[in-house]
Amino acid sequence: MEYSFKEIEQKWQKKWANEQTYKVTEDVNKNKFYILNMFPYPSGAGLHVGHPLGYIASDIYARYKRLNGFNVLNPMGYDAYGLPAEQYAIQTGQHPEITTNANVARYREQLDKIGFSFDWNREIRTCSPDYYHWTQWAFQKMYESYYDSKLQKAQPISKLIQEFQSQNKTFNINGIVKTWNELSEIEQNDILMNYRIAFLGETMVNWCPELGTVLANDEVVDGVSIRGGYPVVQQKMRQWCLRVSAYAQRLLDGLETLDWSESIKETQKNWIGRSEGAEIQFKTKDGKQFTIFTTRADTIFGVTFMVLAPESDLVNEITTREQKKEVDAYVEETSKRTERERMIDKKVSGVFTGNYAINPFNGKEIPIWVSDYVLSGYGTGAIMAVPAHDSRDYAFAKHFNLPIIPLIEGCDVSTESFDAKEGIVCNSDFLNGLSVKEAIAKTKQYITHQGIGKVKINYKLRDAIFSRQRYWGEPFPVYYKNGIPQMIPEDCLPLLLPAVDKFQPTETGEPPLGNAQEWAWDELRKKVVDKSLIDNKTIHPIELFTMPGFAGSSAYYLRYMDPHNSKSLVSKENDEYWQNVDLYVGGSEHATGHLIYSRFWNKFLFDIGVSCKEEPFQKLINQGMIQGRSNFVYRIKNTNTFVSYNLRKQYDTTPIHVDVNIVQNDILDTVAFKAWRSEYNDAEFILEDGKYICGWAIEKMSKSMFNVVNPDMIVEKFGADTLRMYEMFLGPVEQSKPWDTNGIDGCHRFLNKLWHLAEKSTNEESPTKEELKSLHKLIKKVTEDIEHFSYNTSVAAFMICLNELTSLKCDKKQVIEVLSVLIAPFAPHIAEEFWEKLGHNTSVCDAKWPQYNEEYLKEDNIKMMISFNGKTRFAMEFPADADKEAIEKAVLADAQTSKYLDGKSIIKVIVVPGRMVNIVHPK
RNA sequence: GCGCCUGUGGUGAAAUUGGUAGACACGCCAGACUUAGGAUCUGGUGCUGCGAGGCUUGCAGGUUCGAGUCCUGUCAGGCGCACCA
């Protein structure tokens, strides 16, 4: 009988669905294993062959763990809210809800064909009210919490208020000192905003007019938006923010406990950007005070000017009346430039404020400048400039002809600054003679002691901007009373997103939810307890901003543990059972976005006792990107004649992308090509050896390159099991590699041969010694490979084993029984079919993973390397149980007749490996 | 500029972690069978040379009896961060 994969796969997929084979329930008698893929956002293009790579790899691991007796949670869902889904809807002119549902359905259909062991009972969608209920809930908890820097954890804001009251703490409001109880509600609220973990802040944001929304830092690269590549400008706006920066140190420390790749940890460390330094207070000549941040406190004697960021509030305060006009003009000018313009054009600019600072170490007067090379958002927005030892200060000093004082013995600063933190300090009073390291420490000690500064650690990590002027996102469960945000009562959640017709964003930043004023008032009437407030119109309707894409994706893995719970995000029992994700699989492009937000979000939930683990993802595997392999045809210019690849140089040709689906092994199907597009109907070909050979290149997989390969097509032609095996065979999971359908035949042939071997295997006898050896070699290899995610080599091991069994003419049922279980993670459909034919009435998923027996693996002979006279000469074989004397004897006997030796010059013989035998044989 | 990663046949890649480099697969070559088919099977296939042999893991050194693997330098490619004081 033929291997009719189509029939087999459909049969088992139906059976799995009907019998809920992959449904998982909490079972305290079994060890848990939580495996998770980064859930996809369902784009309109559907899956291409690169998307399932990570899913297949994790599915293999999930099935393997299950066969080893673990209770495996392997869920799947959709990240359906956010910009990409909305942009797609806008482009196609349909409502995002409609496009999202259609895309989800399409994804599901494609995924089902590949035979994953997902538990679809636990499916979640970030845009479904059951789900975003808990996104909104978490936001409210963040609003009602502050970060206690002494305890280093989140605490209820009520505790802070209590402290303010009981300590009778005083606050300076516009120069008037008041105690907490003397403050108005608005003033109290303003103060608390500086502490809340979710807070309203007037901050510089990345405003993208084209997308009509603000963006988080990780959504902007090189001054343009990641989605669409539109320019982004800096603008001050009142926005919801998350105090991610409070968790900077814990986010850094947590990395040490994680089993993640070094490169992704490094990326996160860079992004968090911890730097140890000092804040030093300076006074101006006219008695005003300001603070700077530096990591090079040791260079204080080389400060020849100070620089303020143009956006800094200090600029106004410090600038003298004479210079005001000039400074204002400069500030105005820089504010008009976008981030991108500033980045491209790095020319030195700046203006003198007219004011001078006094160096607290030696009393010298230092001019204060304003320049855009100092950022307002980092440190204090003001620096002390040491041109001798900082390249940016150096460029500035050279440009404006400011003095440069070298501070390291023997350094040459005539053409460039000396930035290295090494050498012996000079020109620095009491620091002279110290190393840079010592000088930094001593200066820090000095400033602390003198009360002119303090040791300070700064982080580059900024607070996340949490509102978007968009429609397709979670509504904020917030309304306003006298401008003060109020949380909608917890038991009134979720606050549903209204169905509106006009959901397009506006360039001015008016949120699309503004089109749903009626909804806002209606919701308020339903959700706010004190109805008189509404009638008096003393309150404003619901917040019209929505949450960003990362809101829904930050704690989704917790929800999978208990997806239908309507009382809480996750029940205590379920959280304690599943703990956290043991294996997380996804792309490394989320290193500074999702993987930071998610860790932050989980740390907060840990602090408030919702999550029992501080880190959400214990082990992380970053699957590589699958690139496309494009094919080209070569058209002779101004004709409709195409010349084959190796003849193209004889003509003046233009390479043209051709659909890879009408090319096989780089040979063009000329008939299909003519039919492909009307302009090629009358195409003519110059062939070589009767074939048209195409050129090729590795490029991104995209529609415009005609190199997109659809998994449906592969499943149709070769079957899901072949697709699964081939994707793994392609190379290491973590490596980026091009897709090349050409090689798939090898995997298909393998399954075909396996099928025929299984068919022939009706012999009930025990396997022979050779057969057992081959089988147990495979068990060992596959077990080890799966543990190490080295799937490409385990596929190879299957092929080797099959070749061996075939040449042994193996026909034993017992062998096929073991093979069925071994292959089940990779090719589950065929495995089930074998299992059933062997007479089992349970799923192969409930089988037991075989253990190998070292006894069968023993080699009769051991190969060893022999070295003579310092040169490795050749390998010799010895019986496995040979002792030292026997080996020595055999080697020396061989040496007498060996062509490598003349029989008289042996000095040293070393036999390796495994057992090392040194034979020193003096002549 | 700083940090991280990767360089092996025509192609995707292996290499028990220091032990006969190129497993396995694609492709290619030759053959078998066949109602010549993009089916199946068998053998060959790193480069070079008629040959014995020689050469070979980006390049140059080093350690070692022995290096793709370890060390130093260098070149190339990729990724991340980047006026972060």
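Per chain, numbering begins at 1; letters A, B, ... match sequence-line order. Quick caveat: nothing in here was measured; it's all calculated off a predicted structure.
The base of rG80(B) does not come close enough to the side chain of E266(A) for any donor and acceptor atom to sit less than 3.5 Å apart.
The shortest distance between side-chain heavy atoms of F673(A) and V663(A) does not fall below 4.5 Å.
Checking rG27(B), rA23(B), rC83(B) against every side-chain atom of R749(A), the shortest atom distance belongs to rG27(B). Residue N792(A) places its side chain closer to rA13(B) than to any other of rA13(B), rG38(B), rA85(B). The side chain of K460(A) has rC81(B) as its nearest neighbour among rG38(B), rC81(B), rG27(B). If you check rC81(B), rG80(B), rA25(B) against the side chain of T267(A), the one that comes closest is rG80(B). Listed candidates were rA13(B), rC81(B), rC83(B). Nearest to the side chain of P732(A) is rA13(B). Considering only the side chain of L730(A), rG12(B) comes nearest among rG80(B), rC24(B), rG12(B). The side chain of T793(A) has rA14(B) as its nearest neighbour among rA14(B), rA25(B), rG80(B).
When heavy atoms are screened at a 4.0 angstrom cut-off, D740(A) is found touching no nucleic acid atom at all. At a threshold of 4.0 angstrom between heavy atoms, the contacts of K753(A) are confined to the sugar-phosphate backbone, with no base atom among them. Note on N458(A): nothing from the nucleic acid sits closer than 4.0 angstrom, heavy atoms only.
For rG78(B), the OP1/OP2 oxygens have no side-chain nitrogen or oxygen of S736(A) closer than 4.0 Å. Taking side-chain N and O atoms only, N742(A) has no distance below 4.0 Å to OP1 or OP2 of rG38(B). The phosphate of rA13(B) has OP1 or OP2 within less than 4.0 Å of a side-chain N or O from Q735(A).
For rU17(B), the glycosidic angle deviates from 0 by 90° or less, giving a syn base. Glycosidic conformation of rG9(B) is syn; the angle stays within 90° of 0.
Rounded to whole Å, atom C1' of rC83(B) lies 12 Å from atom CG of D419(A). Rounded to whole Å, the distance from CD1 on I693(A) to P on rC28(B) is 9 Å. Here rC2(B) presents its P atom at 23 Å from CZ of R274(A), a figure rounded to the nearest Å. Taking atom CG of residue D390(A) and atom C1' of nucleotide rC2(B), one finds them 14 Å apart after rounding to whole Å. Distance CZ (F798(A)) to C1' (rA25(B)): 16 Å, rounded to an integer number of Å. One interatomic measurement links the two molecules: NE2 of H748(A) to C1' of rC24(B), which rounds to 18 Å at whole-angstrom precision. Going from atom OH of Y726(A) over to atom C1' of rG27(B) covers 11 Å, rounded to whole Å. For the pair H788(A) NE2 and rU17(B) C1', the interatomic distance rounds to 11 Å; values are reported in whole Å.
Helical stems involving RNA chain B, defined as 3 or more consecutive Watson-Crick or G-U pairs under 3.5 Å, span B:1-7 with B:75-81, B:10-12 with B:24-26, B:27-32 with B:40-45, B:46-48 with B:53-55, B:58-62 with B:70-74.
When all heavy atoms of N707(A) and G628(A) are compared, the closest pair comes out as ND2-CA, 3.7 Å.
No donor-acceptor pair closer than 3.5 Å links the side chain of S391(A) to the backbone N or O of S417(A).
Applying the salt bridge (charged side-chain N to carboxylate O under 4.0 Å, His left out) test to pairs two or more places apart or on separate chains, those with a residue in residues 787-808 of chain A are K777(A)-E804(A).
Annotation: cation-pi geometry not satisfied between R599(A) and W271(A) (NZ/CZ under 6.0 angstrom from ring centroid, within 45° of ring axis).
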